[in-house]
Amino acid sequence: MISRRNLLRTASLTPLAALTPLTGIFANTINEERRRGVKPILKITDVETFIVRSPNDDAKPDELIDMPPIGFMKGKPGVGHRLDHASPSRPKGHTQTLLVKIHTDQGIIGWGECHAPTAPRVHQRVISDLLRPILLGQDALNILPLWEKMYSSERMRGHSTGYFTTAIAGIDIALWDILGKYLDTPVYQLLGGKFRSTIPTYTSGKTPEEAAEAIKLGFTGIKTGFGKGSTADDMERIRAMSKAVGTKGQLFIDSLGAFNLSEAILVGRKFDEMGNIAWFEDALLPEEYDKYPILAEAIDTPICVGETYSNRFQFRDLLIKNGADAINPDLGRAGGITECKRIADLADSLGVLWSAHVSSGFPPYVAASIHLMVATPNAAMIEGGNIAGNTSAFGSRGNILLKNPIKYEPGYAHVPEGPGLGIEFDEFKLKELIVRE
């Protein structure tokens, strides 16, 4: 008998196309400039970076990292009581990110962002010492050639992910902002146009009461964590949340690599019984590419993977083996708009949905994610529904620092309509959060 997963494996794969070149009025505008002999059209004159932190106090960088101690155990019964390899470092008592600001000789500037909740000085140094020298004097409109140049700078030294692609992401987002401002058009238009003006958002919760309240407010997706504590007790909570959501929405399960394969299959089959689980996210450790297809075959609940991956090659290796039904790349981590557009297109060619991972950060990162999502046919829902109405700097993803905040309503985010990313900081307010070394 051929299962739904095996049927997919019989399908032929088509090569991943490069980014569609600019056409029509946009290409004509740039080509006319080039015919006049103006090269580069927009010369990059400087690349600045700013660590943004809240609270912006005198804490030293080595005081900001929090992580379970060596030898920390999972605390589950039997073989579940083993070393925990899936709890990441966290910023201790602070929230932070790294902003990128690119200047050009015509006065057009672009804002970008590296998703850097911990150790943003590392990304900052990658940019200042490696990527900035590559960019100075180059044409800011040559986004794809510059992306490939940056990526190739350390490719043969084994750097293709992590801090490296996160640093590239911040620059790439800023370059798209510049291109949009130069052509006086939103980024989504440069990507081929928008399928819709809003993108659905999901929010987060931990209890049945919070799930019911979210549905009442208008959300149709609620994400909750699962698997870090006692699995048996936690499953009853998931069942209660699933019941509270009912047929009016779906529950998104995020496990942050909590399980091995056999455990994930057991709990996944329990999710199958509930009928309204949107996806089972990061069930395994990110290195277990070969096991995700087995998990996907064993359960009916959709599998979501991707926030830990940083380039299209990693996603290719996952998707050609049918290891996921949905992916959630992080634009501030996986090479920016340029690389995530290629990742989204790859997923679309294989019938896989995608959702931007937006766990924390500021407006360049958030706006870039929304622009790409409205411009891709396989976009599902975006993280960050709890931004609506939040009045703290990071709780609002920096929205309160904008002159015209990105519009959110329960269950939806609106794509900014201004040129480029469509955001403009109130730099007086922003300055209060910039760390001065």
Side-chain angles (χ1 to χ4, degrees), residues 2-23 143-145 147-148 151 160-161 165 168-169 172-173 176 187-196 199-200 278-282 286 288-297 299-331 333-358 368-383 415:
I2 298 178
S3 70
R4 66 183 182 99
R5 311 278 184 179
N6 284 327
L7 183 61
L8 288 173
R9 292 194 180 97
T10 65
S12 60
L13 300 179
T14 56
L16 175 60
L19 283 175
T20 303
L22 291 175
T23 57
I143 298 175
L144 185 55
W147 194 98
E148 292 293 342
Y151 186 79
S160 60
T161 184
T165 51
I168 291 175
D172 181 79
I173 292 170
W176 279 96
V187 164
Y188 69 73
Q189 197 69 59
L190 304 176
L191 295 169
K194 61 182 178 180
F195 288 87
R196 44 188 166 174
I199 199 76
W279 68 46
F280 187 9
E281 179 182 342
D282 289 339
E288 297 183 327
Y289 289 101
D290 57 333
K291 294 180 181 178
Y292 268 111
I294 301 172
L295 174 61
E297 178 68 32
I299 67 174
D300 292 327
T301 297
I303 300 300
C304 179
V305 194
E307 69 175 88
T308 58
Y309 300 150
S310 302
N311 62 56
R312 65 189 182 278
F313 309 109
Q314 292 174 312
F315 283 95
R316 175 201 63 193
D317 294 345
L318 174 76
L319 294 179
I320 61 175
K321 295 180 180 179
N322 297 304
D325 300 282
I327 57 171
N328 60 336
D330 188 306
L331 269 76
R333 182 181 292 154
I337 294 172
T338 297
E339 186 72 345
C340 286
K341 172 69 162 63
R342 297 194 275 200
I343 292 167
D345 288 344
L346 170 62
D348 186 45
S349 72
L350 297 171
V352 173
L353 297 175
W354 88 280
S355 172
H357 178 259
V358 192
S369 301
I370 298 173
H371 276 282
L372 183 54
M373 288 206 74
V374 300
T376 44
N378 56 327
M381 301 183 83
I382 192 170
E383 190 169 13
V415 66

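Please read all numbers here as calculations on a predicted model, not as lab measurements.
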### Query
Within the side chain of Arg312, is there an N or O that forms a donor-acceptor pair under 3.5 Å with the backbone of Cys340?
no
### Message
With a 4.0 Å cut-off on N to O distance, would you call Asp345 and Lys341 a salt bridge?
### Response
yes
### Message
So, taking the atom named CD1 in Ile370 and the one named CG in Leu331, what distance separates them when rounded to the nearest 0.5 Å?
### Response
11.0 Å
### Query
Below 4.0 angstrom, N of the basic side chain to O of the carboxylate: do Lys321 and Glu288 qualify?
no
### Task
Decide whether Thr376 and Trp354 meet the rule of one side-chain donor and one side-chain acceptor closer than 3.5 Å.
yes
#### Entry: Distance in Å, Leu350 CG paired with Leu346 CG, rounded so as to fall on 0.5 Å steps
5.5 Å
#### Entry: Rounded distance (nearest 0.5 Å) linking atom CE of Met381 with atom CH2 of Trp279
8.5 Å
### Distance (rounded to the nearest 0.5 Å) between Asp325 CG and Cys304 SG
9.0 Å
### Derivation and outcome, side-chain hydrogen bond (donor to acceptor under 3.5 Å, both in side chains), residues Asn311 and Glu339
CA-CA 7 Å; Asn311 62 56; Glu339 186 72 345; 6.0 Å; no
### Task
For the pair His371 and Tyr188, name the ring-plane relationship: parallel under 30°, tilted 30 to 60°, perpendicular over 60°.
parallel
### Message
As a quick check of understanding, evaluate side-chain hydrogen bond (donor to acceptor under 3.5 Å, both in side chains) for Trp176 and Thr338, giving each step before the final call.
### Response
CA-CA 9 Å; Trp176 279 96; Thr338 297; 2.9 Å; yes
### Task
Would you kindly say whether His357 and Asn328 are connected by a side-chain donor-acceptor distance under 3.5 Å?
no
### Query
Rounded to the nearest 0.5 Å, how far apart are CG of Leu318 and CD1 of Ile343?
11.0 Å
